[in-house]
Peer 1: 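Can you keep this structure in mind? I'll have questions shortly.
Keep in mind the model is a prediction, meaning the values are calculated, not measured.
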Amino acid sequence: MTLFALPIFDATIVVDGNELFKGKGSASHWAERLAVEVKSEVTVQKIGNGWALFANVDGKDCVWGILGQRLKQIDLPPSKPI
């Protein structure tokens, strides 16, 4: 089973219409797991009051949040730098 099918079950917060991790600790935990899956370094960064996962995969900057208790790649508004 892929990591993207595992439930997250952590507290979340909605920022700019995206569901993000509420705490840095839980985001860091999932960043470690995602790094293994995408074979790239994954960091956590604060966006508003929430935390998202950031990585460069195959030369493309990617950001992950949460959708329906699963990790999902999200698009940030232009005012949010990666």
Peer 1: Taking all atoms of both residues into account, what is the closest heavy-atom pair of Ala55 and Val42, and its distance?
Peer 2: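 Of all heavy-atom pairs spanning Ala55 and Val42, the closest is CB-CG2, 3.8 Å.
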Peer 1: Rounded to the nearest 0.5 Å, how far does CD of Gln69 lie from OG1 of Thr12?
Peer 2: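 Between atom OG1 of Thr12 and atom CD of Gln69 there are 6.5 Å.
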Peer 1: May I ask whether Val57 and Val44 are part of the same hydrophobic cluster, defined by side-chain heavy atoms of I, L, V, M, F, W, Y residues being less than 4.5 angstrom apart, directly or through others?
Peer 2: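 Linked, Val57 and Val44 end up in one cluster.
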Peer 1: How long is the straight-line distance from NZ of Lys72 back to CD of Glu19, given to the nearest 0.5 Å?
Peer 2: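 Output value for this atom pair is 11.0 Å.
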Peer 1: For the CZ atom of Phe21 and the CG atom of Asn49, what is their distance to the nearest 0.5 Å?
Peer 2: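 Answer rounded to 0.5 Å: 16.0 Å.
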Peer 1: What's the spacing between Leu53 CG and Leu34 CG if we round to 0.5 Å?
Peer 2: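 Reported to 0.5 Å precision, the distance equals 6.0 Å.
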Peer 1: Out of curiosity, Ile66 CD1 to Arg70 CZ, how far, rounded to the nearest 0.5 Å?
Peer 2: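 Reported value, rounded in 0.5 Å steps: 11.5 Å.
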Peer 1: Which atoms form the tightest heavy-atom contact between Val63 and Ala52, and what is the distance?
Peer 2: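 Nearest pair, atom of Val63 first, then Ala52: CG1-CB, 3.9 Å.
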Peer 1: What is the distance from atom CD of Glu41 to atom CZ of Phe54, rounded to the nearest 0.5 Å?
Peer 2: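 One finds 13.0 Å between CD of Glu41 and CZ of Phe54.
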Peer 1: Quick one: does Gln45's side chain get under 4.5 Å of Lys24's, heavy atoms only?
Peer 2: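 The answer is no, as the side chains (C-beta and beyond) never meet within the 4.5 Å cut-off.
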Peer 1: Between Ile13 and Lys22, what is the shortest heavy-atom contact and its length?
Peer 2: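 Heavy-atom minimum between the residues: CG2-CA, 4.2 Å.
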Peer 1: Hydrophobic cluster membership, with links at side-chain heavy-atom distances under 4.5 Å among I/L/V/M/F/W/Y: are Leu67 and Ile47 in one?
Peer 2: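 No; tracing contacts between hydrophobic side chains, which count when under 4.5 Å, never links both residues.
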